There are 2 protein chains.
Amino acid sequence: MADTDSNSTPERKRGSGVKMVYDLLRDEILDLVLPPGSPIDEVQLAERFKMSRTPIREALVRLAGEGLIETLPNRSTMVSNIDFLNLNTFFDALVLMYRVTTRLAARNHRPEDLAIIRGFHADYAAAVEGRNALTMISTNAAFHAAIAEAGRNPYFTSLFRRLLDEGRRILRLYYRSYDEQFPQRFVDEHAEIIAAIEARDIEAADRLGKAHAEQIVAQVQKLFSRDVGIDIAL
Amino acid sequence: MADTDSNSTPERKRGSGVKMVYDLLRDEILDLVLPPGSPIDEVQLAERFKMSRTPIREALVRLAGEGLIETLPNRSTMVSNIDFLNLNTFFDALVLMYRVTTRLAARNHRPEDLAIIRGFHADYAAAVEGRNALTMISTNAAFHAAIAEAGRNPYFTSLFRRLLDEGRRILRLYYRSYDEQFPQRFVDEHAEIIAAIEARDIEAADRLGKAHAEQIVAQVQKLFSRDVGIDIAL
DNA sequence: TGCGTTTTTCTTGTCGACAAATAAAATACA
DNA sequence: TGTATTTTATTTGTCGACAAGAAAAACGCA
């Protein structure tokens with residue numbers, strides 16, 4: 001409300017508005033700041049970001065393309081629901097992509113990839129150390145996305161990124177209050193995976209990727225089955 | 001140019017413009033009516049479809065999201081190139097998705113799915129019979145997309161659709177003049193695949209899907225290696 | 001009061017116009 | 001004549017306004 005710069009300052013680079021809105025909304029959706037079902041109002045966003053509805057709209061179209069929001073024609077737009085009834089299809093895809101991307105990384109990575117991967121590994125370890133659930137979740141996703149990049153298959157990478165995004169939402173759901181459960185074990189497994197990739201041991205990478213994925217799936221399923229009645233309400 | 005209805009007739013339903021432009025451009029891109037590198041001019045499209053640039057733009061944003069067009073910031077928009085140097089990553093992903101989707105279809109299909117699949121199978125057989133390359137290509141893609149749908153994993157389905165789209169462009173490139181080469185063999189293999197799915201024989205479906213995919217990949221690679229110097233120019 | 005109809009409200013979809021950014025063309029200068 | 005610089009042209013990105021569509025609210029009538 002406080003108009004500090006009085007004489008209309010659209011001091012913002014030309015193409016940057018869309019990206020800014022897109023990135024911010026995306027993060028808010030994945031971190032459940034905007035939980036599933038939250039209404040997305042274009043006018044409100046336009047006011048919030050002090051721009052016209054046009055760039056807002058473009059960001060929303062992109063988010064819709066990735067399935068993060070859903071648009072009712074002529075009516076409202078809202079954050080996509082998490083499909084709990086078909087979680088198994090998500091897990092199936094996730095496990096397969098963990099395997100494939102880790103496997104390909106062992107085969108195709110270059111030295112500089114390892115540095116990046118190790119960087120995210122360190123970030124993740126620090127987050128576990130610091131018991132910061134939100135950071136754990138996002139750095140874990142970044143770690144595995146980096147491995148996928150090293151595998152150099154953009155088709156797999158893009159699907160995997162989408163799955164990791166959805167995984168961020170699901171994990172965020174469970175690690176709201178129980179923020180101490182992301183175990184040291186995962187850190188160790190990450191280290192093993194890095195070692196297999198570096199050694200270019202494809203079969204080991206495959207095996208470790210699969211085991212790691214199933215670890216995570218099992219944990220989520222455990223949490224899920226524990227409090228179905230509660231969280232299904234979301 | 002001929003303005004048949006003189007008094008401004010925007011006789012077109014509200015949300016339909018975007019879908020119409022999107023569908024049409026998509027088909028033109030996949031059938032190489034718009035070959036890779038073709039410039040996409042918003043104003044021109046707006047005139048062609050007699051609508052404002054806004055809905056055109058939305059359609060383009062969607063197409064860009066699927067990687068079918070590429071946008072140079074503040075400058076031009078053009079149809080995405082086919083990455084011939086990394087065709088192997090495409091083939092890797094394609095083979096895996098053929099396998100996975102066929103496998104899942106054997107496990108998860110419902111009776112009504114088979115009817116749909118058989119419908120596309122018939123369309124494809126008719127196209128082979130009629131030596132219609134363009135129809136062969138698109139019905140083949142539709143056939144496998146239907147199998148993927150029967151597998152009921154939306155993550156795999158969406159990636160597979162994207163791969164089949166890209167495959168349409170690549171095949172279209174080779175079946176411009178040699179329109180008699182899509183063999184009867186593929187029709188027979190399709191029939192075998194349907195049988196395995198119906199029998200819910202998961203391993204057979206996997207095996208047949210893989211073999212079928214590798215068939216196609218081998219054929220494309222053969223064509224590709226034959227006239228690299230020519231088509232690489234595209 | 002209960003229910004069908006009309007009115008209002010609210011959000012989205014579309015439009016035409018303008019401004020910024022970049023490439024291409026024209027110009028100046030050595 | 002060749003190169004640096006200015007000017008023009010073209011295309012995109014953004015804006016504010018208006019109209020359509022659908023739900024909610026108000027209304028009328030039995």
Side-chain angles (χ1 to χ4, degrees), chain A residues 1 3 5-25 29 34 36-80, chain B residues 1 3 5-25 29 34 36-80:
Chain A
M1 304 293 174
D3 214 57
D5 299 304
S6 57
N7 61 342
S8 65
T9 42
E11 307 289 349
R12 174 169 38 86
K13 270 168 237 159
R14 214 162 127 82
S16 69
V18 175
K19 182 170 163 45
M20 157 171 287
V21 175
Y22 169 84
D23 285 340
L24 200 109
L25 278 183
I29 291 171
L34 294 174
S38 303
I40 307 280
D41 182 14
E42 297 176 2
V43 179
Q44 194 175 313
L45 287 171
E47 287 170 3
R48 176 175 166 195
F49 290 99
K50 300 197 168 140
M51 58 179 80
S52 122
R53 274 176 53 223
T54 309
I56 304 284
R57 220 137 192 294
E58 182 173 331
L60 294 185
V61 169
R62 281 210 236 166
L63 289 169
E66 298 173 32
L68 292 179
I69 64 177
E70 280 170 13
T71 300
L72 280 289
N74 279 317
R75 212 57 209 152
S76 63
T77 300
M78 59 182 219
V79 177
S80 297
Chain B
M1 301 294 174
D3 213 56
D5 299 302
S6 57
N7 61 344
S8 64
T9 43
E11 307 290 347
R12 175 169 37 86
K13 268 168 238 159
R14 215 162 127 82
S16 68
V18 175
K19 182 170 163 44
M20 156 171 287
V21 175
Y22 169 84
D23 285 340
L24 200 110
L25 278 183
I29 292 171
L34 294 174
S38 302
I40 306 279
D41 183 13
E42 297 176 4
V43 179
Q44 195 175 312
L45 287 171
E47 287 170 4
R48 175 174 167 196
F49 290 99
K50 299 191 172 156
M51 59 180 79
S52 120
R53 274 176 54 222
T54 310
I56 304 284
R57 221 138 192 295
E58 183 173 329
L60 294 185
V61 170
R62 282 209 236 165
L63 289 168
E66 298 173 31
L68 291 178
I69 64 176
E70 280 169 12
T71 299
L72 282 287
N74 279 317
R75 210 60 208 150
S76 65
T77 301
M78 59 183 219
V79 178
S80 297

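Each chain gets a letter, A, B and so on, in the order the sequences are listed, and its residues count up from 1. Small disclaimer: the values here were computed from a predicted structure and weren't measured.
Between the side chain of A:Ser38 and the backbone N or O of A:Val79, no donor-acceptor pair lies under 3.5 Å.
The side-chain contact (heavy atoms from CB on, under 4.5 Å) search around B:Asp41 returns B:Val43, B:Gln44, not counting sequence neighbours. Every side chain to side chain donor-acceptor pair (under 3.5 Å) that B:Thr54 has, sequence neighbours left out, goes to B:Ser52. With sequence neighbours excluded, no residue forms a side chain to side chain donor-acceptor pair (under 3.5 Å) with A:Ser76.
Atom C1' of nucleotide D:dT12 and atom CG of B:Leu72 are separated by 11 Å, given to the nearest angstrom. In this structure, B:Ile56 places its CD1 atom 12 Å from C1' of C:dC15, rounding to the nearest Å. B:Leu45 places its CG atom 14 Å from the C1' atom of D:dT12, with the value rounded to the nearest Å. Taking atom NZ of B:Lys50 as the reference point, atom P of C:dC15 lies 13 Å away to the nearest angstrom. The distance from atom CZ of B:Arg53 to atom P of D:dC15 is 14 Å, rounded to the nearest whole Å. Atom-to-atom, CD of B:Glu42 to P of D:dT14 comes out at 12 Å; the value is rounded to the nearest Å.
Residues B:Thr77 and B:Leu72 fail the side-chain proximity criterion, which asks for heavy atoms closer than 4.5 Å. When side chains are defined from C-beta on, B:Met51 counts as touching B:Arg12, because their heavy atoms get closer than 4.5 Å.
Comparing D:dC18, C:dG16, D:dT12 by their nearest atom to the side chain of B:Asp41 picks out D:dT12.
In the region residues 58-69 of chain B, proximity to DNA chain D at under 4.0 angstrom, judged on heavy atoms, holds for none of the residues.
OP1 or OP2 of D:dT14 has not a single side-chain nitrogen or oxygen of A:Ser52 nearer than 4.0 Å.
B:Ile40 and B:Leu60 make their closest contact through CG2-CD2, 3.8 Å (heavy atoms, listed as atom of the first residue, atom of the second, distance). Pairing each heavy atom of B:Arg48 with each of B:Leu24, the nearest pair is NH2-CD2, 3.1 Å.
Among residue pairs with one or both ends in residues 61-74 of chain B, those qualifying as side chain to side chain donor-acceptor pair (under 3.5 Å) are A:Arg14-B:Asn74, B:Tyr22-B:Glu66; sequence neighbours excluded.
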Check nucleotides 19-22 of chain D for protein N or O atoms closer than 3.5 Å to its own N or O atoms and list the pairs.
{"unit_1": "D:dA20", "atom_1": "O4'", "unit_2": "B:Arg14", "atom_2": "NH1", "d": "3.3"}
{"unit_1": "D:dA20", "atom_1": "N3", "unit_2": "B:Arg14", "atom_2": "NH2", "d": "3.3"}
{"unit_1": "D:dG21", "atom_1": "N2", "unit_2": "A:Arg75", "atom_2": "NH1", "d": "3.3"}

